[in-house]
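Report on one structure; see the data block that follows.
Start at 1 and go down the list; that is how both ligands and their atoms are numbered. Here the structure is a predicted model, which is why all the values come from computation and not from measurement.
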Amino acid sequence: MRGGLVASARLLPRPLVRWFLQRRAQQDINENMSGGKKVKIIFVLGGPGSGKGTQCSNIVEHFGFIHLSAGELLRAEINSGSENGTMIDTIIKEGKIVPSEITIKLLQEAIIKGGNDKYIIDGFPRNEENRVVFESVINISPEFVLFFDCSEEEMERRLLGRNQGRSDDNIETIRKRLKVFVESSLPVIEYYESKGMVKKIDATKPAPEVFEDIIFLLK
Ligand SMILES: Nc1ncnc2c1ncn2[C@@H]1O[C@H](COP(=O)(O)OP(=O)(O)OP(=O)(O)O)[C@@H](O)[C@H]1O
Ligand SMILES: Nc1ccn([C@H]2C[C@H](O)[C@@H](COP(=O)(O)O)O2)c(=O)n1
Ligand SMILES: [Mg+2]
């Protein structure tokens, strides 16, 4: 029966399939969140090492958001031994971006599991494909985008000193990630900027000062 449904879905026009997936995702998210409130999302973007994870922990503590890091969800997927794990691991070591359907499925599951109505999503959308597929499948627009603006030299220095055993914190992969950030992620930030949705933070400052600026913006 299920196989029959999948086979018939292949015969449906693409917009209809997309509409169906979108309705399912929204229904799933809305049925599972707390208090029947609309789910609110803030995207946190910035280059590798700009301090997204550090500040998201502060935001969770002070503002009651659930923090989802796309990178951490992908690393958990690798460690879970899933069938996509090896492929994700290779892509991350190469500093490239994982296909959107994988990352969005992980985010969707985490939103449903979280059961909250306020999410701060860090490191997503990382490219235009991430943005467009999220829009069409999840169909929730972010309230706004927090952009951590940091110089490349500072980001490189921080990543080389991070010391958390990440397979992508080596100079070769760091340089590739910085290049991918400029080529694929900055255009996404520019897209949201053109819609007046970006709140920019000077992320080169010391962490406590960055958080003071965030408090000002979130209040
Ligand atoms: N404002 C800051 N000044 C100096 N060091 C910082 C600052 N913010 C974070 N750090 C340090 O820099 C390193 C990278 O920070 P963090 O992991 O938060 O960055 P990130 O943007 O999440 O990076 P990635 O995209 O690689 O996950 C960590 O070792 C962190 O302690
Ligand atoms: N939307 C995303 C987010 C992350 N990744 C991959 C590629 C990144 O270099 C890596 C680590 O992410 P981080 O922890 O630095 O945010 O994870 C991706 O492919 N797509
Ligand atoms: Mg991070």
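- For K52 and F148, the positive end is not near the middle of the six-membered ring at less than 6.0 Å and at most 45° from its axis.
- Taking each of V210, T54, V44, L45 in turn, the one with a heavy atom nearest to atom 31 (O) of ligand 1 proves to be T54.
- Relative to atom 10 (N) of ligand 1, the option among R158, Q164, E72 with the closest non-hydrogen atom is R158.
- Remark: distances from the non-hydrogen atoms of R166 to ligand 1 include one below 4.0 Å.
- Proximity of S50 to ligand 1 is established by a heavy-atom distance of less than 4.0 Å.
- Heavy-atom distances between L159 and ligand 1 reach below 4.0 Å in at least one pair.
- Considering only non-hydrogen protein atoms, atom 19 (O) of ligand 1 sits nearest to G51 N, 3.3 Å.
- When only interatomic distances are considered, the shortest N/O to N/O separation between V98 and ligand 2 falls below 3.5 Å.
- Contact analysis leaves Q55 out of contact with ligand 1, as no non-hydrogen atom separation drops below 4.0 angstrom.
- Considering only non-hydrogen protein atoms, atom 17 (O) of ligand 1 sits nearest to R162 NH1, 2.8 Å.
- Note on ligand 1: E209 sits outside its first shell, no heavy atom being nearer than 4.0 Å.
- Residue G123 holds the heavy atom nearest to atom 2 (C) of ligand 2 of all those in G123, G46, G47.
- Heavy-atom contacts of F124 reach the following atoms of ligand 2: 1 (N) (cutoff under 4.0 Å).
- Looking only at heavy atoms of the protein, atom 13 (P) of ligand 2 is closest to R126 NH2, 3.4 Å.
- The N/O atoms of R75, backbone and side chain alike, include one that comes under 3.5 Å of an N/O atom in ligand 2.
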